[in-house]
Amino acid sequence: MQNHSETLFDRAVQKIPGGVNSPVRAFQAVGGRPRFMAKATQQHIWDVDGRQYTDYVGSWGPMILGHNHPVIRQAAVHAAQSGLSFGAATPAEVEMAELICGLVPSVEMVRMVNSGTEAVMSALRVARGFTGRDKIIKFEGCYHGHCDAMLVKAGSGVMTAGVPDSAGVPEGCAKDTLTARYNDLESVKKLFAEFPRQIAAVIIEPVAANMGVVTPKDNFLQDLRELCTKENALLIFDEVITGFRLGLSGAQGLFGVAPDLTTFGKIVGAGMPVGAYGGRKEIMEMVSPVGAVYQAGTLSGNPVAMAAGLAQLNLLVEHPEVYDHLFALGEHLRNGLKQMIQCHDLPCTVTGVGSLACLFFTKEAVTDYQTAKSSDTAAFGAYFRHMLEHGIYLAPSQFEAVFLSNAHTMKDIDFLLHTAEGFWD
Ligand code: PMP
């Protein structure tokens, strides 16, 4: 007999492409069929068949305080009681803008949007408008959402599917996207030399978390900052994942590098559909209605979404010790996995920083797209299925991160390590 998840999937594939509303939810890369989820609280998630999992996806990052936090839920419910959307300015938007600008010093002005994709798409337009240049440098394996210009050598679901580019992206769009190698400053310098005064911006995930997790080498981000300044190009940090995760001022605070523009998503909306982009005032004043760069949104700054996001950010501000816990969990997980690799001489590598981690099924040190790609994805698939059967819900792809939340405990990590060990026994 089929269970509810299977029945739902059979129905879903008839009416929704692949049965999912985002390809990263499909289990194509790991084998099997997606589990349909019914509810979640703290570090746990339950599927429609009542199976409980410890969740290491956390809605792909937003649930940094664990699922269904009562304070955040109450804030959203309270806001909803006053109306779901007005399409007019609201106090919460002002509070949100002040809070983000207060926490992230490089952001002097900010605009709310509805997703990370929109944040990136808008930031690129502003960068082009501000510099009067067309070309953008991105890094192989970094994912910046699904706007046309960024679907070139992208990470995440694009990488998982083994599709380097997407159909439907006009050549004209892709031709202004140049790709460099992560952690390789020379590859960026080469592009600046080849296209003098044509590059509007360099966009990067300051910690790449869409080709698995790849951390920046010493000074890579600092050097990139200097290079962009020298070339009069803007530096854009895509902090959709790292923003408010690697600290209250994100990866830029952790590494001490100030970009010109930053994009946010995920945590800033606490699970509601929210993104944001911001940066230096003179750049952001290019945005309409002040400036000539058009960008708009019927539901942008939605009051329910702002209430949820503000509640989460305010909790993080009030409890900065959350980051100590998140970093300690991450250390414990990475160290435990490293020990296991050493003990059993496993063909694996561990990466990560803070509450982001990745177990790559390759012996190579993973520093960029090429080395990430050397992973044995079939072995990852078998590992994923083993973990799932033991109640551990990981992202269903080698090229994604483990997301830790404040609700996870050291005991949860011990159980994950114990279960992982069982895979090789
Ligand atoms: N940038 C980064 C770094 C991301 O990880 C993602 C999504 N995972 C995006 C942009 C796109 O965000 P969204 O899915 O909200 O459009």
Side-chain angles (χ1 to χ4, degrees), residues 20-26 29 56-64 111-125 127 136 138-161 166 177 182 201-216 221 235-246 250-252 254 259 261-278 295 297 299-300 302 305 308-309 352-358 369 372 394-403:
V20 288
N21 278 314
S22 185
V24 295
R25 292 174 206 168
Y56 290 95
V57 181
S59 191
W60 301 91
M63 317 319 285
I64 193 163
R111 179 53 78 75
M112 302 310 294
V113 292
N114 304 289
S115 67
T117 295
E118 254 190 86
V120 168
M121 181 185 78
S122 310
L124 296 179
R125 188 177 303 142
I136 305 286
K138 79 178 281 290
F139 292 87
E140 280 179 275
C142 282
Y143 180 71
H144 300 291
H146 66 92
C147 76
D148 283 350
M150 292 291 101
L151 284 179
V152 178
K153 302 208 171 136
S156 189
V158 188
M159 187 169 174
T160 305
S166 167
T177 305
Y182 202 88
V202 175
I203 184 166
I204 188 165
E205 292 180 69
V207 170
N210 285 290
M211 47 175 153
V213 181
V214 178
T215 53
L221 297 174
L235 177 62
I236 306 174
F237 275 5
D238 182 349
E239 297 230 38
V240 166
I241 285 183
T242 54
F244 310 106
R245 173 165 289 280
L246 296 185
Q252 52 195 275
L254 188 66
L261 289 171
T262 304
T263 55
F264 299 100
K266 304 193 190 264
I267 288 175
V268 83
M272 300 296 287
V274 177
Y277 69 101
Q295 185 271 312
L299 299 176
S300 294
N302 171 272
V353 55
S355 53
L356 294 168
C358 184
Y369 182 77
L394 300 171
S397 164
Q398 168 71 89
F399 305 113
E400 304 287 358
V402 170
F403 292 94

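We count ligands from 1, going down the list as the structure has it; atoms in each ligand are counted the same way. Numbering of residues begins at 1 and proceeds along the displayed sequence. Note: hydrogens, waters and symmetry copies are ignored here, and every other heavy atom, side chains too, is used.
- Listed by atom number, the atoms of ligand 1 under 4.0 Å from Asp238 heavy atoms are 1 (N), 2 (C), 3 (C), 10 (C).
- Residues Val113 and Val274 fail the side-chain proximity criterion, which asks for heavy atoms closer than 4.5 Å.
- Using modelled atom types and a 3.5 Å distance limit, the side chains of Ser355 and Arg245 yield a donor-acceptor pair.
- Those atoms of ligand 1 with a heavy atom of Ser115 less than 4.0 angstrom away are 15 (O), 16 (O).
- With respect to Ile236, the side-chain contact (heavy atoms from CB on, under 4.5 Å) criterion is satisfied by exactly one of Val202, Ile136, Leu124: Leu124.
- Heavy-atom distances between Lys266 and ligand 1 reach below 4.0 Å in at least one pair.
- For atom 5 (O) of ligand 1, the nearest protein heavy atom (residue, atom name, distance) is Asn210 ND2, 3.0 Å.
- Residue contacts with ligand 1: Tyr143 is included, with a non-hydrogen atom under 4.0 Å away.
- Here is the list of ligand 1 atoms found below 4.0 Å of a heavy atom in Gly116: 11 (C), 12 (O), 13 (P), 15 (O), 16 (O).
- For ligand 1, the polar-atom distance check against His144 finds no nitrogen or oxygen pair separated by under 3.5 Å.
- The ligand atoms of ligand 1 that sit less than 4.0 angstrom from a heavy atom of Ile241 are 5 (O).
- Between Val207 and Val213 the shortest side-chain heavy-atom distance falls below 4.5 Å.
- Checked against the 6.0 Å centroid criterion, the rings of Phe264 and Phe244 qualify as a close aromatic pair.
- Listed by number with element, the atoms of ligand 1 under 4.0 Å from a non-hydrogen atom of Thr117 are 11 (C), 12 (O), 13 (P), 16 (O).
- With respect to atom 9 (C) of ligand 1, the closest heavy atom belonging to the protein is Gly145 N, 3.7 Å.
- Glu239 and Thr242 share a donor-acceptor pair across their side chains, judged by distance under 3.5 Å alone.
- Residues Tyr182 and Pro216 are in side-chain contact: their nearest non-hydrogen atoms beyond the backbone lie under 4.5 Å apart.
- In this model, a donor atom of one side chain and an acceptor atom of the other lie less than 3.5 Å apart for Gln295 and Arg111.
- Inclusion of Glu205 in the set of residues having an N or O under 3.5 Å from an N or O of ligand 1 is not warranted.
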